[in-house]
Amino acid sequence: MSHEIPEKPALEGLEAKWGETWETEGTYSFDRARAVQLGKESVFSVDTPPPTASGSLHIGHVFSYTHMDLAARYQRLNGKVIFYPMGWDDNGLPTERRVQNYYGVRCDPTLPYIDGFVPPFEGGDNKSSKAADQVPISRRNFIELCEKLTVEDEKQFEDLWRTLGLSVDWKQTYRTIGDESQRTAQRAFLRNVKRGEAYQADAPTLWDVTFRTAVAQAELEDKEMPGAYHSIVFHGANGDITIDTTRPELLPACVALVAHPEDERYKPLFGTTVRTPLFGVEVPVMPHHLAQPDKGTGIAMVCTFGDTTDVTWWRELQLPTRAIMGFDGRIVSEAPAGIDSEEQRAIYAELAGKTVFSAKARIVELLTESGEMIGQARPIQHPVKFFEKGDKPLEIVTTRQWYISNGAKDESLRSRLLERGTQVDFHPDFMRVRYDNWVEGLNGDWLISRQRFFGVPIPVWYPLDADGNPVYDSPILPAEESLPVDPTSQAAPGYTEDQRGKAGGFQGELDIMDTWATSSLTPQIAGRWAEDDELWNLVFPYSLRSQGQDIIRTWLFSTVLRAELEHGQAPWANAGISGFIVDPDRKKMSKSKGNVVTPQGMLDEHGSDAVRYWAASSRLGTDAAFDPENPKQIKIGRRLAIKVLNAAKFVYSFAHTDGAEVTEELDRDMLRRLAEVVRSATESYEKFDHARALEVTEQFFWTFTDDYLELVKERAYREAGSEGQASAVAALRLAIDVFLRLLAPVLPFATEEVWRWTHAGSIHTSSWPTVAEIPVNGESNGLLDLCGAALVGIRGAKTEAKASQKTPVTHAVIEGPAALAAAQADLAAVGRIVELELRTADTVAVVSIVLEEAAE
RNA sequence: GGGCGGUUAGCUCAGGGGUAGAGCACCACAUUCACACUGUGGGGGUCGCAGGUUCGAAACCUGCACCGCCCA
């Protein structure tokens with residue numbers, strides 16, 4: 001049943017109206033039966049980015065998620081069975097931080113659970129508040145709040161995506177903290193362990209002292225920070241040696257001095273030892289190529305650990321460990337090996353318990369008193385490694401952590417990963433280079449354990465020996481059937497809960513997994529890997545991964561890695577990479593600025609089709625400037641959507657003759673042009689070039705309304721079935737039918753509205769237009785363009801005369817190719833020309849035009 | 001320091017060896033008969049700079065400058 005054409009069509013309310021209809025009709029549901037029947041080749045599966053359910057969605061999300069939806073909608077119209085799930089990334093640090101601020105609490109795992117706990121407040125301003133003001137609560141209470149808040153966030157996110165018109169199958173949703181995700185993440189991890197791809201190691205680990213957690217390479221960020229060189233004096237057998245350091249507080253952790261092997265100044269010292277100032281610890285002087293002769297005095301002190309170069313020296317020169325940095329970022333109370341005498345211990349005690357900042361100040365005083373520091377500290381700016389979400393510089397501490405091999409130490413794996421990269425079609429292609437660079441630059445395995453609370457538990461236990469010490473080398477693993485498990489609340493297999501923590505018993509792993517360890521498995525989670533083989537085989541490998549360029553090194557890479565380790569193949573055929581949104585002044589849109597205008601506000605104010613048009617007009621991989629004060633592209637999109645409604649309504653107002661043929665030459669030429677647009681738009685969508693498809697469609701649509709529709713409307717107004725009338729109306733209606741489907745991916749609401757005036761079902765489950773369905777196709781004879789040129793001449797003449805376009809013309813002479821004669825009547829009608837004379841010439845020109853005298 | 005993109009009209013961008021393009025903005029004109037969230041027309045550019053290839057370069061090559069991003 002078709003709907004009535006409204007008196008005055010409008011965009012307002014279309015989102016709610018059609019969103020509801022699509023939901024009840026199941027327009028975007030994954031049609032599994034059809035997929036099974038037609039086979040995997042018929043399925044177009046999308047690996048969607050689960051947005052972080054911790055803050056708010058911004059305009060950049062709308063941008064890239066629309067790009068993904070355009071591809072899905074095109075493929076759906078093209079007859080594919082679409083598998084288009086949506087997930088929420090709700091585990092991890094961002095959620096913890098948001099919960100802390102929103103409810104004014106913080107997690108203290110040592111506290112007992114409080115039944116019916118009521119947080120001090122709700123709806124904090126989401127700015128970092130002081131830990132001292134937060135109420136400490138148990139891990140279980142904390143996690144309950146995490147779940148409560150993320151469910152609320154996710155509801156809002158879903159509402160926004162529905163308003164935007166994402167053609168997601170809302171029955172296919174998951175949460176990265178949900179049981180299914182935990183089961184998948186733990187299953188994949190267990191298989192990694194069994195194949196030797198996941199392992200534990202005691203290793204220097206980049207450590208964030210604020211969050212008290214280990215940090216992976218992918219989460220690092222360099223920041224330029226002020227620092228200062230301190231010149232301090234070491235004592236050798238043949239005199240003193242001065243070194244420059246920015247970290248004098250690490251002096252007790254000093255294990256060696258290094259200089260470049262070719263550095264003549266220090267060559268004689270290699271192989272000798274020197275004594276550290278204040279502590280008198282004997283350390284070797286050694287050569288290493290990473291020492292920079294031009295930096296400071298050219299000889300550096302190696303501490304365990306000041307920075308990542310120290311780690312390299314420590315490993316390659318096989319130096320001892322004298323760690324002094326605690327997990328809280330304070331100097332540990334016990335002095336390291338080598339500091340043995342009363343006197344030295346007393347000096348060390350002055351530093352113990354101090355923060356890096358205070359320890360530095362005190363040791364400078366001590367060195368100055370002892371005369372072992374030369375001059376004052378000299379301020380410099382230098383890059384310092386930070387956790388990307390952290391506020392304090394990272395420290396390096398030695399801890400036992402879980403790792404997954406990522407090719408950094410395994411050339412065979414690395415080359416396989418590079419190979420997989422070549423098997424994915426990147427859009428645009430140059431984005432592949434970022435993946436390649438990342439893989440080639442990996443220098444450590446993937447650290448996946450995190451000392452946090454809200455995430456997927458690492459599913460292992462450790463047996464305790466007779467002395468009650470954990471035997472890390474023989475972890476106890478759960479059976480896959482028992483997943484998901486939480487080792488902190490469930491007893492290890494073969495043990496009972498009362499053996500927890502007892503000699504001869506077990507202890508559970510406290511750490512959780514890095515959030516990327518879960519989100520790297522989005523294809524497996526959404527496709528129900530190892531749980532629903534039929535579904536899995538239909539959707540994997542996926543057709544498309546869609547994401548932003550900023551997470552190529554994290555999400556894209558880690559997904560390829562997990563797919564390679566688990567399945568030995570690339571996870572997708574295509575990767576569509578969206579650019580990001582920049583301010584009018586070319587800066588990356590910041591939250592503080594971008595949040596002034598919320599996506600929901602944009603959608604409400606301009607309409608979803610208009611916002612989608614804006615996103616669709618940018619190509620993949622291209623950054624888009626966006627000025628919330630003046631959203632030009634959005635307004636243009638809105639105008640297009642309104643034009644679609646009105647043009648269609650106009651066309652449907654003409655008397656229509658069933659089965660009429662398109663006989664008039666002008667009508668036939670318009671259809672030939674339309675066929676060319678269909679061909680071109682199809683080719684563009686096949687290449688994931690939605691912007692090009694939109695451009696060619698839109699351009700011809702305006703030609704269609706401004707020129708063709710004007711040229712034939714007088715003819716179309718005539719009595720039904722009269723000379724040429726039926727031809728015009730048949731051509732108009734066919735063109736609208738085709739245009740609607742060409743524009744449906746970009747303007748799903750306006751096109752659906754119009755489509756239902758004359759069709760029973762949804763436009764979105766109709767079929768993509770083809771050249772074959774247009775009865776006239778082939779090369780255009782140029783008639784429409786000739787008429788367009790003649791129109792410009794006529795209109796120009798009237799504008800020149802400051803006359804209305806409706807002013808009648810008593811006589812006009814138009815030159816042009818002889819073909820123009822085929823449209824003589826239409827030209828005369830649109831120009832209101834009583835007597836139109838055509839003369840043959842190479843180019844179109846209005847030679848003379850005589851306007852009727854004004855009535856008054 | 002290495003890599004990747006970019007630099008075309010006031011703005012946002014397309015194009016890509018053969019007469020410089022679109023939309024917006026601007027200016028002028030029109031105005032109730034699909035559309036005022038309107039229609040028509042107009043002005044506006046040494047295509048970042050310097051070399052080279054070519055009959056011909058905005059496009060291809062080389063170098064440089066500047067902007068952005070990624071990695072050291």
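Side chains included, hydrogens not; waters and symmetry mates left out as well; all remaining heavy atoms used. Quick note on labels: first sequence line is chain A, next is B, and so on, each numbered from 1. Owing to the predicted nature of the structure, the values given are computational and were not obtained by experimental measurement.
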Once the angle between the rings of [X] and [Y] is folded into 0 to 90°, is it parallel (under 30°), tilted (30 to 60°) or perpendicular (over 60°)?
X      : Y      : value
A:H61  : A:Y65  : tilted
A:Y435 : A:F557 : tilted
A:F305 : A:W314 : perpendicular

Taking atom [atom2] of [N] as reference, at what distance in whole Å does atom [atom1] of [X] sit?
X      : N      : atom1 : atom2 : result
A:N630 : B:rA25 : CG    : P     : 8 Å
A:L640 : B:rC24 : CG    : P     : 12 Å
A:W614 : B:rC13 : CH2   : C1'   : 15 Å
A:Y435 : B:rC69 : OH    : P     : 25 Å

Nearest-nucleotide pick for A:T622, side chain only, options being B:rC69, B:rA14, B:rC71: B:rA14
Candidates B:rU40, B:rC29, B:rU12 - which lies nearest the side chain of A:K802: B:rC29
For atom [atom1], what is the distance between [N] and [M], given to the nearest Å?
N      : M      : atom1 : answer
B:rC55 : B:rG68 : P     : 41 Å
B:rC49 : B:rG23 : P     : 26 Å
B:rC61 : B:rG17 : P     : 11 Å
B:rA20 : B:rU46 : C1'   : 12 Å
B:rC64 : B:rG6  : C1'   : 16 Å
B:rA9  : B:rA59 : P     : 15 Å
B:rG44 : B:rC27 : C1'   : 11 Å
B:rC67 : B:rU54 : P     : 35 Å

Please name all residues satisfying salt bridge (Lys or Arg N to Asp or Glu O under 4.0 Å) with [X], sequence neighbours left out, ordered by chain then number.
X      : value
A:K649 : none
A:R619 : none
A:K409 : none
A:R434 : none

Verdict with reasoning, A:E395 to A:R247, per salt bridge (Lys or Arg N to Asp or Glu O under 4.0 Å): CA-CA 11 Å; A:E395 295 295 344; A:R247 301 288 308 265; 3.1 Å; yes
By side-chain hydrogen bond (donor to acceptor under 3.5 Å, both in side chains) - contacts of [X] (at least two apart):
X      : answer
A:W555 : none
A:Q423 : A:E419, A:R420
A:H606 : none
A:E7   : none

Pull out every protein N or O sitting under 3.5 Å from an N or O of nucleotides 18-23 of chain B, one pair per line with the distance.
none

Derivation and outcome, salt bridge (Lys or Arg N to Asp or Glu O under 4.0 Å), residues A:D826 and A:R715: CA-CA 7 Å; A:D826 288 333; A:R715 177 148 55 90; 2.8 Å; yes
Show the distances under 3.5 angstrom between N or O atoms of the protein and N or O atoms of nucleotides 2-6 of chain B.
none

Test item: A:H67 side-chain N/O and A:A615 main-chain N/O as donor-acceptor pair under 3.5 Å: yes
Nearest-nucleotide comparison on RNA chain B, the residue closer to the 5′ end among A:R795 and A:K385: A:R795
Closest-nucleotide ordering on RNA chain B, the 5'-leading residue of A:A803 and A:Q549: A:A803
Detail all sub-3.5 Å separations between protein N/O atoms and N/O atoms belonging to nucleotides 32-34 of chain B.
from, atom 1, to, atom 2, distance (Å)
B:rA34, OP2, A:Y717, OH, 2.3
B:rA34, N6, A:E710, OE2, 3.1
B:rA34, N3, A:N646, O, 3.3

A:V433 side chain near A:F426 side chain, heavy-atom distance below 4.5 Å: no
Consecutive-pair stems (at least three Watson-Crick or G-U pairs, under 3.5 Å) that include RNA chain B: B:1-7 with B:65-71, B:10-13 with B:21-24, B:26-30 with B:38-42, B:48-52 with B:60-64
